[in-house]
There are 2 protein chains.
Amino acid sequence: MSTYSLTPTSYLVLGCLASAGPSTPYELKQAVAESVGYFWSFPHSQLYSEPARMTAAGLVQEEREEGGRRRRVFSITAVGRAALDDWLTQPTAGLPDIRDVGLLKLFFGDLVGPDEVNALAVAQRGAHEERLKLYEGLFSGPPQSAAESTIGLGIAWERAAAAFWASIAENPPKPT
Amino acid sequence: MSTYSLTPTSYLVLGCLASAGPSTPYELKQAVAESVGYFWSFPHSQLYSEPARMTAAGLVQEEREEGGRRRRVFSITAVGRAALDDWLTQPTAGLPDIRDVGLLKLFFGDLVGPDEVNALAVAQRGAHEERLKLYEGLFSGPPQSAAESTIGLGIAWERAAAAFWASIAENPPKPT
DNA sequence: CCTATCATGTAATCCGTTACATGATTAT
DNA sequence: ATAATCATGTAACGGATTACATGATAGG
């Protein structure tokens, strides 16, 4: 047997197929772009290769449309659904790395100078505030689903990050 | 010419070499583990392969110790330092994805049920609080350097995330 | 009709991870 | 001595990104 293992991307695709029903890669791309893609993005090519890999593993099955373009339509199998449920049922206490390029530059800020750190802080603050506005404009009322509730963490993160960079800009760290 | 391009990991290594001076991969590993590794971690094997790649590109040079174990010692070259300064000087307005596995599970929470979502929220809240305590214990006074100031974002993030998951646990999203 | 954009897909490369493996050093 | 742990390194695999490429549709 192969050492095939499912990545978060795999489960993302499985979850989308379970939620939205049979989909073409392009439909997946669109669905991802306006929802989960806000906090977990990747290029569209993976929405072609990942279902293909999972088809080989039996978690997903592929059909072709009859007429016209004969696009591929993927749907989740019972095996795939079981794997997804297994994964969703494990609570996951692990935390992600922040892996923020701006923060990495700040970390090495002493190698350059306060001006460069300040420019970085201003740029980062602006970007976070912009993203915050985008998030705040997405929904009006309280979240209507678990999926919608995820935006809350996005908003909290952007607020925290914008405030952090503002404080860096106001009170730049000076090396001793 | 090769299409060699520097990744954030490359700059991380360059920055460590610029900050700490010539280092062996193991010294890099230790330095990373107790500082930048808190928000940008990777396995130690990359601290062997990455300097090797950069040596080929002329950004870093390698020497071997004389006696005993003849370990590799890497040091940044003038070319490497210039590349690092270039990178540090560009302000980087780009934002990272959150890419949080727990958040991904929450996103698909409607596929399982409120109990599973609650268990997830409790586990995530606990993990974030634990990490928060770790961060808060690292330094006593105000940050003494740009590097130390990065912990501020870590703390802000953990607080925001812990509060978010607490709110999910208290007020679980119910699908309509 | 022509062209710009959307839609759909493939190929190749490479970074990052996982796994393996072996020298040194310390403790008992 | 010998086990255990720390230190150091390599090999191989595969997922993720980048780049390329072509088919449809709509607008002018």
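For the pair B:Arg99 and B:Glu27, nearest-nucleotide mapping onto DNA chain D gives the more 5' position to B:Glu27.
The distance between atom CE of B:Met54 and atom C1' of C:dC14, rounded to the nearest whole Å, is 16 Å. To the nearest angstrom, C1' of C:dG9 lies 14 Å from CG of A:Leu28. B:Leu12 places its CG atom 14 Å from the C1' atom of C:dG16, with the value rounded to the nearest Å. Across the protein-nucleic acid pair, B:Trp40 atom CH2 and C:dG16 atom C1' stand 13 Å apart, rounded to whole Å. The CD atom of A:Glu62 sits 12 Å away from the C1' atom of C:dG9 (whole-angstrom rounding). The nearest whole Å value for the distance from the CD atom in B:Glu50 to the P atom in C:dT17 is 11 Å. Taking atom CG on B:Leu47 and atom P on D:dT10, their separation rounds to 13 Å, with Å as the unit. Atom pair A:Arg53:CZ and D:dC13:P shows a separation of 16 Å (rounding to whole Å applied).
Phosphate proximity of D:dG15 to A:Gln46: absent, as no side-chain N or O sits under 4.0 Å from OP1 or OP2. The shortest distance between the side-chain N/O atoms of A:Arg71 and the OP1/OP2 oxygens of C:dA7 is not below 4.0 Å. Here A:Thr9 does not reach the OP1 or OP2 of D:dG15: none of its side-chain N or O atoms lies under 4.0 Å away. Close to D:dT10, at under 4.0 Å from its OP1 or OP2, lies a side-chain N or O of B:Arg72.
The side-chain hydrogen bond (donor to acceptor under 3.5 Å, both in side chains) check on A:Ser41 picks up B:Asp97, with sequence neighbours excluded. Qualifying side-chain hydrogen bond (donor to acceptor under 3.5 Å, both in side chains) partners for B:Tyr135, counting only residues two or more places apart in sequence or in other chains: B:Arg131. Partners of A:Tyr26 under the ring pair (Phe, Tyr, Trp, His ring centres under 6.0 Å) rule, at least two apart in sequence or in another chain, do not exist in this structure. Residues meeting the ring pair (Phe, Tyr, Trp, His ring centres under 6.0 Å) test with B:Phe39, sequence neighbours left out: none.
A:Ser19 places no side-chain N or O within 3.5 Å of a backbone atom of A:Cys16 that could act as its donor or acceptor partner. Under the 3.5 Å distance criterion, the side-chain polar atoms of B:Thr77 are matched with a main-chain donor or acceptor of B:Gly58.
A donor-acceptor contact under 3.5 Å is not formed by the side chain of B:Ser45 with the base of D:dT10. No N or O donor and acceptor, one from the side chain of B:Thr24 and one from the base of D:dT8, sit under 3.5 Å apart.
Considering only the side chain of B:Pro43, C:dT18 comes nearest among D:dG9, C:dG16, C:dT18. For B:Tyr26, counting side-chain heavy atoms from C-beta on, the closest listed nucleotide (D:dA7, C:dT10, D:dA11) is D:dA7. Taking only side-chain atoms of B:Pro25, from C-beta outward, the nucleotide of C:dG16, D:dG9, C:dT10 with the closest atom is D:dG9.
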Pairwise N/O distances under 3.5 Å, protein to nucleotides 20-22 of chain C:
none

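A heavy-atom distance below 4.0 Å to DNA chain C is reached by none of the residues of residues 29-37 of chain B.
Atom CD of A:Glu136 has more than 12 heavy atoms from other residues, nucleotides or ligands within 6.0 Å. Other residues, nucleotides and ligands contribute at most 12 non-hydrogen atoms within 6.0 Å of the CD atom of A:Glu130.
With salt bridges taken as basic N to acidic carboxylate O contacts below 4.0 Å, one links B:Glu129 and B:Arg125.
A donor-acceptor contact under 3.5 angstrom links the side chains of A:Ser10 and A:Glu50, judged on distance only.
Here B:Phe42 lies in heavy-atom contact (under 4.0 Å) with sugar-phosphate atoms only.
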